[in-house]
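What follows is a single structure, written as structure tokens, with notes after it.
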Amino acid sequence: MLNKKIVIIDGNSLINRTFYALPIHMANKEGLHTNAIYGFVNILNKIYKEYDPEYITVAFDMKKPTFRHNEFKEYKAGRKKMPEELAEQMPVLKEVLDAFNIHRVELEGFEADDLIGTLAKFCENKDLSPIIITGDKDALQLASDKTKVLITKKGISTLEQYGYDEVLDTYGVTPTEFIDVKGLMGDKSDNIPGVPGIGEKTAIKLIKEHKSIENLLGNLEGLTKKMKEKLTENAEQAILSKRLATIIVDVPVAISLEELKREKPNNEKVIELFNKLEFKKLLKDFDVKKERKTDVESNREVNMIDSIEKVKSLNEKIIKNEEFVLKIFSDHNNIRDEKIICTFMLVENEIYCIKDDGLLLELKPVLESVNIKKIGYELKQDMTSLKEYDIKLDGILIDVKLGAYLIDPSKKDYHISNIYDEFLGEYIENEEELLGKGKGKLNYSQLDEEKLMSYGSNLCIALSKLEGVIVERMKEDDLYELYMDVELPLIKVLGSMEYIGFKVDREKLKEIGNELDERITNLTAQIYADADEEFNINSTKQLGVILFDKLGLPPVKKTKTGYSTNAEVLEKLYDKHDIIPRIIEYRQLVKLKSTYVDGLEAVINEKTDKIHSSFNQMVTATGRISSTEPNLQNIPIKLEMGRNIRKVFVPTSDEYTLLDADYSQIELRVLAHISDDENLIEAFREGQDIHKTTASKVFEVPMDSVTSIQRSKAKAVNFGIVYGISDYGLSENLHITKKEAKKYIDEYLNKYHGVKEYMESIVKEGKEYGYVTTLLNRRRYIPELKAKNFNLRSFGERTAMNTPIQGTAADIIKIAMVKVYDRLEKNNLKSRLILQVHDELIIEVHKDEMDMVKNILKEEMENAVSLQVPLDIDMNEGGSWYETK
DNA sequence: GAGTTCACG
DNA sequence: ACGTACGTGAACTCA
């Protein structure tokens, strides 16, 4: 029968090895280095899989001196201090081990090695099979027929196993003799002297022959004169060295095998720690999942609403209760061709499901009632789904997902499973588990009945439990007003923008596409000729080889993976070869063709001939909205060639015209307001050209002699200020030296003293509270501010400076959107908001309503909030988006 | 799925 | 000494 296995790990030795074997830049976003822990846990994982041990323990050294220090003062003297990057990982590693419920052992006066030796011998006597894991060859003396010593090799990828035979095979001496070898040769890292002049080779040779140091010293015959001298002179030292190198195997320590039993990890703690350490892959490796709580409620009965009587009684119950949880599942195929599969409701702790559209319509009054509160998740989708049934969802709406976003907008996603876990520590199947992902992803109509019923009811329960917690937390964090006054009313505005869409001229798009195709074909041929071979121009790797290896152009910059070939690099090589300008043009054209012509063409709605982008309210860390499928917020404008794409975007019909209204310098105005800077405020109050004013101050010239070059430099400085300036960043942007850039910045901050004070105080504030806020109290946490890593911390500082500016601008335009939308609706106008691009709104205006709409826009946008400086907008109309300039 | 590039504010 | 401008999304290559 096989003996039970016990794994004994030398904690200090192993973490040292993993620390030096893995890249030191591995760190989480708080700046805590994680490489050594990562390696350690990986090895742990490997051991569990390969050996499946019955018992496990990790031994650590203590900082206190051991008996070896008492015997030999110089022991381990001159050893370098553990680097800070490793030291900070030690306590965290111990936390990880605790989370895994792995036993730890350390003892004053002894080293980890001694504890390991003692344990191994103890276990051998109990007929267990000890497996020692270490990064240190010293432990080889413990190898035996029963005890195996595993030593990390080549980084951490392999562990080499040594028993008695393997030590003998490899070194020609037995494990016990290995101690004598070390006694002779000494050990630099432990400062064990040994016999000077004897190294590993000689030591092994001598011990092979004489078996031990004592034997050797008693029989020096047959050795060279020099060797004899060395040995006699250092005899005492050799004996001492041997004693120091000997691992103690009878440390007086009480061992209880029971304590060393391998236990199940505390999954909750492991998950928490791995999340903190950002060990994504390891989470999967260990298959640590939250145990599903056997929630009595999770199998609650679903009341099917399948008759007019039932829907009427449900209706009454809702009116009486004044609130309910709502979750609509639709096939979600297409915004204007969407089919509701079923609607779940939770009223007074009872779950209902409606599948019949006709019966759902019976609930139109309660769904539209402003007096009845609805609790939901992704309510924008529900609103859109209901729109097809001519139902306008209204009332106090609590979107749990939106609330979770406001509470912490930096999260990567807000899946209900994560929110439920985070706020209540409870489990619900995640969407991925339910529907799959990627190609095989199902939609709700393909889900089998049973799963849909259980997921729908569990979701309603989760939402009803979460609502109170989320609202409470919003109130605590001063976010509730932002939610009620801005974010909630914005849901319907975004939904409406998506629903209405932006009309496109298909013919025009095709025309542009054809022209691009022709030019790309020609350019491709020329580039192949230039290169004297055909290659994939889209491949930066292949392009790099052609430009820098074959054609011998000087590489300007490198990336992680090779040569950089971005626009900036190509610009620097512009005159060096004919191929360069062609590549630059090729890149531009291909971008236009693939992203804007083909990309847009692919998302034109067949039914409406329009593009219905999705506007996401819960993505950005600053509070901006984002646009996807397609992104309508990055349609080209800077270069004429790309700008032509905007000719494709047209009004719905000849009754309409497009009107574009954009805030002028909104971010700098926001900066003027929040920094309270006298000069900046004055400049805006007097309607000055702000870049020119900045130029005049930075370069100390009168306003009317500012050159256009100075103005454009000042513009870059203004941008830099908004982004959280650094001399390096500005120097890169302006192609000037860092020193010069620093001069500009210093000059700026001298002249705009309020800005300087703001930048300093906001970083301080961020550090103190852990977050920064916008005008409307929108919050963003910045853990990077406390990072030890310089780059990360600097990034945190720039974020702290930029977020209140960008975020406040986002607040302002969101308010404007809600107000404009409401005015258009209240006045029963046909004109409607169809797009927002961060500081501009695009309205499709009915031609009869132009003046009225212009007034509404001007009023609502300029008075969205009241700042210390005026808000100013520019408006342009046109028959296509291109013309609104 | 990561890395690179490039379109916008 | 450190080495990046802030915020996004999409297309493409390559492992």
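Remember, it's a predicted structure, so these values are computed and weren't measured experimentally. Labels below follow one simple rule: chain letters A, B, ... track the order of the sequence lines, proteins then strands, and each chain is numbered from 1.
Non-hydrogen atoms lying under 4.0 Å from DNA chain C are contributed by Arg780(A), Phe790(A), Asn791(A), all within residues 776-791 of chain A.
Residue Ala810(A) is out of contact with every strand shown, counting any heavy-atom pair closer than 4.0 Å. Counting non-hydrogen atoms under 4.0 angstrom, Val722(A) reaches nothing in the nucleic acid. If you check every strand for non-hydrogen atoms under 4.0 Å, Ala741(A) touches nothing. No contact: Gly724(A) has no heavy atom under 4.0 Å from any strand. Within the nucleic acid shown, Asn566(A) comes within 4.0 Å of sugar-phosphate atoms alone, with no base atom in reach, counting heavy atoms only. Within 4.0 Å of Thr565(A), counting heavy atoms only, lie sugar-phosphate atoms of the nucleic acid but no base atom.
The existence of a salt bridge linking Lys510(A) and Glu601(A) is excluded, since no basic side-chain nitrogen approaches an acidic carboxylate oxygen closer than 4.0 Å. Between Lys788(A) and Glu88(A), at least one side-chain nitrogen of the basic residue sits less than 4.0 Å from a carboxylate oxygen of the acidic one, meeting the salt-bridge criterion. Between Glu747(A) and Lys743(A) there is no salt bridge, since none of the side-chain N atoms of the basic residue sits less than 4.0 Å from a carboxylate O of the acidic one. Ion pair Asp689(A)/Arg711(A) flagged as a salt bridge, since at least one NZ, NE, NH1 or NH2 atom sits closer than 4.0 Å to an Asp/Glu carboxylate oxygen.
Within 6.0 Å of atom CD in Glu740(A), more than 12 heavy atoms from other residues, nucleotides or ligands are found, so the atom counts as buried in its surroundings. Crowding of Lys715(A) atom NZ: a count of heavy atoms from other residues, nucleotides or ligands under 6.0 Å not exceeding 12. Counting non-hydrogen atoms of other residues, nucleotides and ligands closer than 6.0 Å to NZ of Lys550(A) gives a total above 12. Counting heavy-atom neighbours within 6.0 Å of Phe719(A) CZ, excluding the residue itself, gives a total of 12 or less.
Between Asp839(A) atom CG and dC6(C) atom C1' the separation is 14 Å, expressed in whole Å. Atom P of nucleotide dG7(C) and atom CZ of Phe615(A) are separated by 22 Å, given to the nearest angstrom. Residue Ile762(A) contributes atom CD1, which lies 16 Å from atom P of dC6(C) at whole-angstrom precision. Atom-to-atom, OH of Tyr723(A) to P of dT8(C) comes out at 13 Å; the value is rounded to the nearest Å. Rounded to whole Å, atom C1' of dC6(C) lies 14 Å from atom CG of Leu730(A). Whole-Å rounding puts the Met618(A) CE to dT8(C) P distance at 15 Å. Between the P atom of dT8(C) and the CD atom of Gln836(A) lies a distance of 14 Å, rounded to the nearest Å. Rounded to whole angstrom, the span from the CD atom of Gln806(A) across to the P atom of dG7(C) amounts to 7 Å.
A sub-4.0 Å separation between OP1 or OP2 of dT8(C) and a side-chain N or O of Arg624(A) is absent.
Remark: Arg779(A) qualifies as a cation-pi partner of Tyr771(A) under the 6.0 Å distance and 45° angle criteria applied to the six-membered ring.
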Open item on the list: For nucleotides 10-15 of chain C, give me one character per nucleotide, 5' to 3': B if any protein heavy atom sits under 4.0 Å from the base, S if the only such contacts are to the sugar-phosphate, - if neither.
Closed with: SSSSSS
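For DNA chain B, the span of nucleotides reached by chain A at under 4.0 Å from its heavy atoms goes, 5' to 3', from dG1(B) to dG9(B).
Both key distances under 3.5 Å define a Watson-Crick or G-U pair, and stretches of 3 or more such consecutive pairs in DNA chain C run B:1-9 with C:6-14.
By the salt bridge (Lys or Arg N to Asp or Glu O under 4.0 Å) test, Arg643(A) pairs with no residue at all, sequence neighbours left out. Every residue meeting the salt bridge (Lys or Arg N to Asp or Glu O under 4.0 Å) condition with Lys742(A), not counting sequence neighbours, appears here in chain and number order: Asp746(A).
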TODO: Start with the C-alpha gap between Lys557(A) and Glu571(A), add the side-chain angles, then the distance that decides, and say whether salt bridge (charged side-chain N to carboxylate O under 4.0 Å, His left out) holds.
DONE: CA-CA 12 Å; Lys557(A) 214 172 81 181; Glu571(A) 209 53 54; over 6 Å; no
- [ ] Using the side-chain hydrogen bond (donor to acceptor under 3.5 Å, both in side chains) rule, take Asp530(A) and His577(A) through it: C-alpha gap first, then chi angles, then the decisive distance, then the call.
- [x] CA-CA 9 Å; Asp530(A) 286 333; His577(A) 196 289; 5.3 Å; no
Open item on the list: One pair to check against side chain to side chain contact (heavy atoms under 4.5 Å, CB included): Glu797(A) and Met759(A). What are the steps and the verdict?
Closed with: CA-CA 9 Å; Glu797(A) 288 166 2; Met759(A) 295 298 175; over 6 Å; no
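Across every non-hydrogen atom of Ile815(A) and Ala864(A), the tightest pair is CG2-O, 3.6 Å.
Contact annotation: side chain of Ser726(A) to base of dT4(C), donor-acceptor pair present below 3.5 Å.
Both Val717(A) and Ala621(A) sit near DNA chain C, but only Val717(A) has its closest nucleotide nearer the 5' end. When the nearest nucleotides of DNA chain C are assigned to Lys738(A) and His838(A) by heavy-atom distance, the more 5′-ward of the two goes with Lys738(A).
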